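Working notes for the structure below.
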Amino acid sequence: IAGITQAPTSQILAAGRRMTLRCTQDMRHNAMYWYRQDLGLGLRLIHYSNTAGTTGKGEVPDGYSVSRANTDDFPLTLASAVPSQTSVYFCASSPGQGESYNEQFFGPGTRLTVL
Amino acid sequence: QKEVEQNSGPLSVPEGAIASLNCTYSDRGSQSFFWYRQYSGKSPELIMSIYSNGDKEDGRFTAQLNKASQYVSLLIRDSQPSDSATYLCAVIDLRDYKLSFGAGTTVTVRA
């Protein structure tokens, strides 16, 4: 049982390049999320998806896009990376139903450096 | 924007003692509350969730919720060196289902 996997583990990227961070979950959770974590700023929501086929903007969506073609995958794309997007990115998912509706479980993270 | 405030750390406690972590939130619409533990360089791990006023115990962890005071706390009894981590308080508003995190409190348990 893998839970949530993210790829790559880490990446160094030149500014202006396009990058897609991958996230896959095998728990059949309805909802998925992308966060970034920066020292002193905590975890901030970038985008979310309550169910396959729908997405929404979080607190810091600018410069990022997402898609949710199926239940398992929720990729995050940086169309043209900038140094301020240097961060640790976490994907998370929650059941979206039942008693633990809102309990979010996190993937291992991707450390991204934009130079 | 919901605000979630945690007591500033770091918090250092001797092994075997009780570590007490506090969290206040600004939005009275918040309905669900969570504590996550994050080891350095790792992802957040859910350790407690609480939805109703009162106490909830799970092993050495006790979460306490007081919605009237907009306050949630986490007690770690019989603290162990393996409890040394950053603890994140998170609240969710069922109107938008978005989770807001506090900045975290770093706990160090001294052997």
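No experiment lies behind these values; they were computed from the predicted model shown. Atom set for the values below is all heavy atoms of this structure, side chains included, hydrogens, waters and symmetry mates excluded. Residue numbers begin at 1 in each chain, while the letters A, B, ... track the order of the sequences.
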Can you get from A:W34 to B:I92 by hopping between Ile, Leu, Val, Met, Phe, Trp and Tyr side chains that sit under 4.5 Å apart? no
Indicate yes or no: at least one non-hydrogen side-chain atom of A:L43 is less than 4.5 angstrom from one of B:Y36. no
Mind listing the closest non-hydrogen atom pair of B:K42 and A:F90 along with its distance? O-CZ, 3.8 Å
Is A:Q37 close to chain B through its backbone or its side chain, or both, or neither, when contacts mean heavy atoms under 4.5 Å? side chain
I need the B:L88 CG to A:F106 CZ distance, nearest 0.5 Å. 8.0 Å
Residue A:R44 excluded, over 12 heavy atoms near CZ under 6.0 Å: yes
B:Y51 and A:E103: which non-hydrogen atoms are nearest, and at how many Å? OH-OE2, 3.1 Å
Flag if over 12 foreign heavy atoms under 6.0 Å of CZ, B:R110: yes
Might you point out which heavy atoms bring B:S43 and A:G107 nearest each other, and give the distance in Å? CB-O, 2.9 Å
Let me know if A:L45 has heavy atoms under 4.5 Å from chain B in its side chain, its backbone, both or neither. side chain
Close side-chain approach of B:L99 to A:Q104, heavy-atom, < 4.5 Å: yes
Hydrophobic cluster membership, A:Y48 vs A:V66, 4.5 Å side-chain cutoff: no
Is A:Y33 reachable from A:L112 through a run of hydrophobic residues whose side-chain heavy atoms are each under 4.5 Å from the next? no
So, taking the atom named CG in B:L46 and the one named OG in A:S94, what distance separates them when rounded to the nearest 0.5 Å? 11.0 Å
Would you say CD1 of A:I12 has more than 12 non-hydrogen atoms from neighbouring residues, nucleotides or ligands within 6.0 angstrom? no
Using the rule that two of Ile, Leu, Val, Met, Phe, Trp, Tyr join whenever any of their side-chain heavy atoms come within less than 4.5 Å, decide whether B:L11 and B:I47 are in one cluster. yes
Report which part of B:Q38 has an atom under 4.5 Å of a heavy atom belonging to chain A: side chain, backbone, both, or neither. side chain
